[in-house]
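What follows is a single structure, written as structure tokens, with notes after it.
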Amino acid sequence: MDMDKLVALCKRRGFIFQSSEIYGGINGFWDYGPLGVELKKNIKDAWWHDMVRNPPPGPDGQEIEMVGVDCAIIMNPKVWEASGHVGTFADPMRKCPQCGHFVRADQLWEALTLCTWMNSLIQEFTPISGAIDSPRLMKWAQGKGKRLAPNLALVRNPHVVLSFLATRVNGQPDAPPDLMEMTRYFATEQLHATGLQEPCPQCGGPLGEAKPFTLMLESHTGTEKTEASKVYLRPETAQGIFVNFKNVLDSTRLRLPFGIAQTGKAFRNEITPRNYTFRSREFEQMEIEFFCHPDESMKWFEYWREVRKSWYTKLGIKSDKLRPRDQGEKELAHYSKACTDIEYMFPFSDEPQELEGVAHRGDYDLAQHMKHSGKDLSYFEEELWAKADKSAYGGDKKKEQEAKSKLPFRYVPHVIEPSAGADRFTLAVLCEAYTEDTAPDEKGAPQERIVMKFHPRLAPIKAAILPLVNKEGMPEIAHKLYRELKQDYNVFFDDGGAIGRRYRRQDEIGTPWCFTIDGQTLADQTVTIRDRDTLKQERMPIAQVANELKRRLQP
RNA sequence: GCGGGUGUAGCUCAGUGGUAGAGCGCCACGUUGCCAACGUGGCUGUCGUGGGUUCGAGCCCCAUCACCCGCUCCA
């Protein structure tokens, strides 16, 4: 499938527009048009219905408790300190002017010890003794170095660099240079002009100054625009759930395990927004935080991984394009026990791209918020305590208190986090639906047809109501049916042009069914229902249309 | 952020420094008898934006914005 054709269709038919287009657009932001908003809304509604209102039975066949919240986009900035976003997002970054590579300033040396050219170079000398084998380094610079680190000073100008290094070593023989200092010398071409420099792990070029770099978008509240008034647009909806965990617990009588769900906008200052709406700076998430007992968390992780994967399949994503991928141990965050990315083969990439991450986050988030807010976010098993044999404590209140303060009675819940991208799934649905096939024209000759094969639940328009011709009362009957159906569904009335053209127009926007009022309707009150994918038509009584539509749209 | 490419009607795209075009679509009227019909008429443009060169710029130059591809980044 050609991505350009999909992008053109989305614009032509009103699914997706570039944001602020008449002003030249803005990088990384997109608007949904009349059809796009219906599609995305259907996706969010399907998610809410299938995950919050009516989630599949649990691993042991039990009912799943789910509730929702809708939190503010702007929160107390301390939330983002606790979550780690300020720390990791605001790390000073250093950029290589030669190749454009970014590296976190505090991770430079770690990156250097892991990088290819450094590992190659390190075999050519013995930094601990400080001994330098100039001819050997020269050979490296003129051989392997040229390929591995083309912008390293040692490679670009080995004579000068080696002479600086020799001066350094000879000048202070009792202080042999360590690995870091040696490396700085290797990266420095004009010692007197620039001082010692540090090399890029990618190409060896001299790195620039460290600059703070944050992926969170910032704003200010109140009248003063100061550091103290700075606030962040949330980079994920999850934290709103965590900070409201206690509120939900206290206001609902819910007992563990249960989940809290939220859909909403999130913002990230992506360096390179790319691939249509896939990586946008403003996007919408559909997130669940499922709170459970630490001993049961893996069971719930597996439950959600399966539930989320099959949800996509159920809504029409072919299973061979859907790739659940378990993250390796190295890839996992330090607090995480497991994480599965549910990925989709988008047409714009040879690699599957992430639609959703199902993460086992342990007690990391709640523990962080306990630490930073000073509030107790632990959970107490009241029923378990009520039934417990307390004879061991002999009525000693202190012993009882101590027992109540730890497992199995009190603990910080573990969390399973299925975090899905609403816009990413919308894009996947569009890609998946786009189909070019052939359909016969009025002479029976095959003609090219573009059809969006949306799952009926997701289709922006559920049905079109069409009078075959505009006479003999057909438009009136059609309009009456239209009025009836639009009470419950987004349906479309069209009496313009020939019937074939009207069918094709509906195909292109993925309307699953067309109801046509024809001459026979006048005689026996039946209409035809025409199927988008098969082009087949059946007759049914006009009085049964609403029920039939309801039946076909059942989740 | 770097390198390469693109930007002309709603869409797809022609356009050689000298009057801005085509196809499709869209709208109106007539027609219509189940899969992109036909006839007649009509609308549609700051040629991405801002400068410059020139008697004259869609075309040449500079800058800028957006999109695409490749690097890079992606807690």
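In this text the structure is predicted, and so the values were computed from the model without any measurement. Below, each value reflects all heavy atoms present in this structure, side chains not excepted, and no hydrogens, waters or symmetry copies. Chain letters run A, B, ... following the sequence lines, proteins first and then strands; every chain starts at 1.
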Pi-cation contact, A/Tyr503 with A/Arg530 (under 6.0 Å, within 45°): yes

Side-chain N or O of A/Lys11 closer than 4.0 Å to phosphate OP1/OP2 of B/C11: yes

Which part of the nucleic acid does A/Ala8 contact within heavy-atom distance under 4.0 Å: base, sugar-phosphate only, or nothing? sugar-phosphate

Candidates B/A37, B/C34, B/C69 - which lies nearest the side chain of A/Asn275: B/C69

SB check A/Arg552 A/Glu548 (cutoff 4.0 Å): yes

Does any part of the side chain of A/Pro456, heavy atoms only, come nearer than 4.5 Å to the side chain of A/Trp513, both counted from C-beta? yes

Donor/acceptor link under 3.5 angstrom from A/Arg530 side chain onto base of B/C35: yes

What does A/Thr528 touch in the nucleic acid at a heavy-atom separation under 4.0 angstrom: a base, only the sugar-phosphate, or nothing? base

Could you state the NE2-P distance from A/His85 to B/C74, rounded to the nearest angstrom? 14 Å

Partner of B/G30 by Watson-Crick or G-U wobble geometry, both contacts under 3.5 Å, or none? B/C38

Heavy-atom side-chain contact between A/Val358 and A/Ile416 under 4.5 Å: yes

Walking RNA chain B from its 5' end, the first of A/Glu508 and A/Met474 to be reached, judged by nearest nucleotide, is A/Met474

Integer-rounded Å distance: B/C68 C1' and A/Arg279 CZ: 15 Å

Using the C1' atoms only, state how far B/U53 lies from B/A14, rounded to an integer number of Å. 27 Å

Walking RNA chain B from its 5' end, the first of A/Asp518 and A/Arg505 to be reached, judged by nearest nucleotide, is A/Arg505

Can a salt bridge be assigned to the pair A/Glu356 and A/Lys309 using a cut-off of 4.0 Å between side-chain N and carboxylate O? no

Rounded distance in Å - NZ (A/Lys471) to P (B/C34): 12 Å

Presence of A/Asn470 side-chain N/O under 4.0 Å of B/U32 phosphate oxygens OP1/OP2: no

Base B/C67 to side chain A/Tyr276, donor-acceptor N/O within 3.5 Å cut-off: no

Nucleotide forming a Watson-Crick or wobble pair with B/A14, both distances under 3.5 Å: none

P atom, B/G39 versus B/G33: distance in rounded Å? 15 Å

Say you pick atom C1' in B/C2 and the same atom in B/G21; how far apart are they, in whole Å? 38 Å

If you check the A/Phe348 side chain, which of B/G33, B/C69, B/A66 turns out closest? B/C69

Choose from B/G33, B/C67, B/C35 the nucleotide whose nearest atom is closest to any side-chain atom of A/Gln18. B/C67

Considering only B/G33, B/G25, B/C74, which nucleotide approaches the side chain of A/Arg501 most closely? B/G25

Answer yes or no for A/Arg281 and A/Phe267: cation-pi contact, defined as NZ/CZ to six-membered ring centre under 6.0 Å and angle to ring axis within 45°. no

Can you check the A/Arg449 CZ to B/C35 P distance for me, whole Å? 13 Å

Pick the P atom in B/C61 and in B/G7, then give their distance to the nearest Å. 14 Å

C1'-based separation of B/U8 from B/C47 [nearest Å]: 4 Å

In whole angstroms, how far is the P atom of B/U44 from the CZ atom of A/Arg12? 22 Å

Can you check the distance between B/A9 and B/G41, where both ends of the measurement are the P atom (answer in whole Å)? 25 Å

Among B/C69, B/A36, B/C34, which nucleotide has an atom closest to any side-chain atom of A/Gln537? B/C34

Searching all strands shown, indicate the nucleotide that pairs with B/C2 (Watson-Crick or G-U wobble; both distances under 3.5 Å). B/G70

For the pair made of CG in A/Asp494 and P in B/C34, what is the distance, rounded to whole Å? 17 Å

Rounding to an integer number of angstrom, what distance separates B/G10 and B/G52 when you compare their C1' atoms? 33 Å

Contact class for A/Gly14 vs. all strands (heavy atom < 4.0 Å): base, sugar-phosphate, or nothing? nothing

If you take atom types as modelled and just measure distance, does the side chain of A/Glu472 reach the base of B/G33 with a donor-acceptor pair under 3.5 Å? yes

Across all strands, who's sitting opposite B/U64 as a Watson-Crick or G-U wobble pair, both distances under 3.5 Å? B/G48

So, for A/Ile465 and A/Ala478, which heavy atoms are closest and what is the spacing to 0.1 Å? CG2-O, 3.3 Å

Given that both distances must come in under 3.5 Å, which nucleotide forms a Watson-Crick or G-U wobble pair with B/A9? none

Which whole-number value in Å describes the distance from A/Asn269 CG to B/C73 C1'? 12 Å

Just the rounded figure in Å: distance from C1' of B/A66 to CZ of A/Arg281. 12 Å

Watson-Crick or G-U counterpart of B/A57, or none if no pair lies under 3.5 Å: none

On a whole-Å scale, what distance lies between the C1' atoms belonging to B/G50 and B/G42? 35 Å

I want to verify a distance call: between B/G33, B/C67, B/C35, whose nearest atom is closest to the A/Tyr503 side chain? B/C35

Between A/Tyr276 and A/Leu427 the two heavy atoms that sit nearest each other are CD2-CD1, 3.5 Å

